[in-house]
Amino acid sequence: MKKMKSLTLLTIVFMMLAILSACGSDASGEENGTKKDVKVKTTTLKMAFNQPETHPQYQAMEDLSEKFYEATDGAYKIELYPNELLGAQRETIEFVQTGTIAMSIVVGGLLENLNEDFVVFNLPYVFDSTEHQMSVVNNPDIIGDLYTSLEGDGINVLGAFHSGSRNVYNDKKPIENPEDLKGMKIRIIESDTNVQMMKLMGGVGTPMGQGEVYTAIQSGVLEGGENNELIYSNLKHSEIAPYYSYTQHLMFPDYLIINQDILSDMSDEHKEILQKELAEAIDMEVKLWDEEVAKAIEIAEQGGAKFNRPDIKLFQDAVKPLVEEKLTSDSAKALYEKVRDAAK
């Protein structure tokens with residue numbers, strides 16, 4: 001009986017020591033004036049991305065993830081999944097809505113399905129330059145409630161990245177005016193807007209998956225495509241369509257979206273940290289983009305590609321009817337005016 005009582009007493013002592021030890025490590029974080037590490041439960045935020053690890057947006061988000069983890073003392077960690085490992089962009093929007101994943105970077109055109117006013121940033125020649133675009137797409141005075149308008153759909157737009165300007169390339173000749181594109185089948189992103197745009201620019205817009213373009217141009221199904229210099233060079237399209245013409249017809253932003261419930265659960269302090277680190281990541285991405293474009297052009301030229309700069313006013317005038325047609329709401333018209341005013 002005495003032996004049992006001794007064992008019970010020892011058990012109670014060990015339990016009390018364990019409780020005291022736990023309290024000492026997780027309470028104030030200080031003991032005898034010395035700051036100690038506080039154990040924090042880390043919330044992992046899965047982020048979908050459709051490009052490889054070498055892409056400037058991936059590199060900028062990787063840097064953001066590290067800084068966000070450190071600044072929140074390990075409360076949050078962003079886990080990046082490149083190369084469409086979590087699905088195509090359209091699918092990942094739905095995954096973010098349901099909370100299956102926390103975040104995704106998606107092309108601007110896809111958000112039009114949730115709020116048609118996003119079309120303003122996807123219209124031809126809405127932006128004059130990278131500087132103009134970036135002064136608009138993360139400016140609260142201009143975007144107003146646009147980015148928070150998707151909260152009812154379970155999404156919040158945290159910010160927008162630069163993704164270059166889209167230009168026409170083909171296997172026939174340099175493009176100097178809309179007449180030069182006559183009859184050419186040019187691969188475009190699938191949308192009625194892009195089909196109309198390419199028709200007004202003089203060509204024949206042909207929707208097709210990006211992975212099929214090389215073979216399609218090589219076999220004569222297409223004469224060319226339209227995209228930024230990184231895609232043009234990295235996918236080796238310069239090998240079979242050596243004429244790259246700076247029509248600069250589109251400058252889509254790419255949006256970083258987050259599940260609304262996850263964002264709402266963050267403390268105000270953590271939200272502020274996230275926005276601060278994102279602003280720095282966006283600046284970093286623009287710089288990286290310029291560096292990568294310079295490399296891409298050099299590689300493409302070494303392979304025989306030829307770059308030319310047509311008079312874009314000819315193409316701007318050609319697509320004006322489309323711009324007017326797409327601005328259907330008063331809010332879209334007002335937003336478009338703010339964007340254009342920012343260029344002056």
Side-chain angles (χ1 to χ4, degrees), residues 107-109 119-134 136 162-208 210 213-214 216-217 222-235 237-254 289-290 292-294 296-297 300-301 304-326 336 339-340 343:
V107 68
V119 72
V120 171
F121 294 158
N122 306 323
L123 291 173
Y125 299 108
V126 65
F127 299 115
D128 291 355
S129 65
T130 302
E131 293 74 22
H132 177 210
Q133 183 192 48
M134 301 317 293
V136 166
H162 178 63
S163 63
S165 65
R166 299 180 76 94
N167 307 284
V168 169
Y169 54 89
N170 75 95
D171 62 355
K172 304 298 182 190
K173 59 184 178 180
I175 302 301
E176 297 291 350
N177 53 62
E179 186 65 25
D180 287 338
L181 274 171
K182 187 175 181 179
M184 284 194 187
K185 296 183 290 295
I186 304 296
R187 183 266 175 180
I188 56 170
I189 296 175
E190 184 178 357
S191 82
D192 292 338
T193 299
N194 288 330
V195 170
Q196 294 176 56
M197 176 195 69
M198 189 52 63
K199 182 178 180 180
L200 292 170
M201 288 177 64
V204 180
T206 307
M208 184 180 291
Q210 188 66 270
V213 176
Y214 188 101
I217 297 175
L222 295 176
E223 276 71 48
E226 53 86 45
N227 220 312
N228 62 63
E229 301 97 329
L230 296 187
I231 299 296
Y232 175 65
S233 180
N234 292 344
L235 296 186
H237 291 181
S238 54
E239 295 177 349
I240 37 84
Y243 301 101
Y244 190 97
S245 304
Y246 279 97
T247 49
Q248 302 177 67
H249 50 277
L250 290 174
M251 193 179 286
F252 289 141
D254 285 338
W289 188 278
D290 291 341
E292 290 301 314
V293 164
I297 292 173
E301 286 180 330
K306 298 175 177 62
F307 294 80
N308 71 293
R309 293 187 177 275
D311 180 0
I312 64 170
K313 189 175 187 308
L314 299 173
F315 295 96
Q316 288 173 326
D317 291 341
V319 299
K320 275 183 179 178
L322 175 63
V323 174
E324 295 170 359
E325 178 187 335
K326 291 298 177 179
Y336 183 82
V339 174
R340 293 309 307 155

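Note that the structure is a prediction, hence the values are computed from the model and not measured.
- The two residues Val293 and Leu230 come nearest to each other via the heavy atoms N-CD2, 3.6 Å.
- Using a 4.5 Å heavy-atom threshold, the side chains of Ile240 and Asp171 count as separate.
- The shortest non-hydrogen separation linking Thr247 to Arg166 is OG1-O, 4.1 Å.
- No side-chain donor-acceptor contact under 3.5 Å links Asp317 to the backbone of Lys320.
- Contact check for Phe127 versus Val339: side-chain heavy atoms found under the 4.5 Å cut-off.
- Nearest heavy-atom pair, Ala318 versus Leu200, reported as atom, atom and distance to 0.1 Å: CB-O, 3.3 Å.
- Considering CD of Glu229 and OG of Ser238, their distance stands at 12.0 Å, rounded to 0.5 Å.
- With values rounded to the nearest 0.5 angstrom, His249 atom NE2 is found 7.5 Å from Asn194 atom CG.
- Looking only at distances, no side-chain donor or acceptor of Gln316 sits under 3.5 Å from a matching main-chain atom of Tyr125.
- Ring geometry for Tyr244 versus Tyr169: interplanar angle under 30°, hence parallel rather than tilted (30 to 60°).
- Contact annotation: the side chain of Pro253 approaches that of Gln133 to within less than 4.5 Å [non-hydrogen atoms, C-beta and beyond].
- Between the CG atom of Asn167 and the CD atom of Gln248 there is a distance of 6.0 Å, given to the nearest 0.5 Å.
- For the atom pair NZ of Lys173 and CG of Leu181, the computed distance is 8.5 Å after rounding to the nearest 0.5 Å.
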Requested in this report: Output, in order, the C-alpha distance, side-chain angles, deciding distance and verdict of side chain to side chain contact (heavy atoms under 4.5 Å, CB included) for Leu235 and Asn227.
Outcome: CA-CA 11 Å; Leu235 296 186; Asn227 220 312; over 6 Å; no
Requested in this report: Mind running side chain to side chain contact (heavy atoms under 4.5 Å, CB included) on Val126 and Met251 for me, showing each step along the way?
Outcome: CA-CA 8 Å; Val126 65; Met251 193 179 286; over 6 Å; no
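- The salt bridge (Lys or Arg N to Asp or Glu O under 4.0 Å) test applied to Lys199 returns no partner, not counting sequence neighbours.
- Side-chain contact between Trp289 and Thr130 is absent, with no heavy atoms from C-beta onward closer than 4.5 Å.
- Not a single donor-acceptor pair under 3.5 Å links the side chain of Asn228 to the backbone N or O of Ser165.
- Heavy-atom neighbours of Asp192 CG from other residues, nucleotides or ligands within 6.0 Å: at or below the threshold of 12.
- With a 4.5 Å cut-off on side-chain heavy atoms, Asn177 and Pro310 do not count as touching.
- Contact of the Val319 side chain with the Met201 side chain is registered, since non-hydrogen atoms from C-beta on lie closer than 4.5 Å.
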**Report entry** Val168/Met184 under side chain to side chain contact (heavy atoms under 4.5 Å, CB included): CA gap, chis, key distance, verdict
**Finding:** CA-CA 11 Å; Val168 169; Met184 284 194 187; over 6 Å; no
Report task. Evaluate the criterion side chain to side chain contact (heavy atoms under 4.5 Å, CB included) for residue pair Asn122 and Thr193; output intermediate values, then yes/no. Result -> CA-CA 9 Å; Asn122 306 323; Thr193 299; over 6 Å; no
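- Tyr243 is not listed as a side-chain neighbour of Ile175, based on a closest heavy-atom distance of 4.5 Å or more.
- Across every non-hydrogen atom of Ile217 and Gly225, the tightest pair is CD1-N, 4.4 Å.
- Across every non-hydrogen atom of Gly108 and Asp254, the tightest pair is N-OD1, 4.3 Å.
- Across Met208 and Ala216, no two heavy atoms sit closer than the pair SD-CB, 3.6 Å.
- Atom CD of Glu190 has 12 or fewer neighbouring heavy atoms from other residues, nucleotides or ligands inside a 6.0 Å radius.
- A donor-acceptor contact shorter than 3.5 Å links the side chain of Ser233 to the backbone of Ala296.
- Side chains of Arg340 and His132 form a contact here, defined as non-hydrogen atoms less than 4.5 Å apart.
- Using a distance-only test at 3.5 Å, with no hydrogens or angles considered, a donor-acceptor pair links the side chain of Tyr232 to the main chain of Ala241.
- Aromatic ring pairs are classed by plane angle as parallel below 30°, tilted from 30° to 60° and perpendicular above 60°; the pair His237 and Tyr214 is tilted.
- When each of Lys172, Arg187, Lys185 is tested with Glu223 by the rule salt bridge (charged side-chain N to carboxylate O under 4.0 Å, His left out), just one qualifies, namely Lys185.
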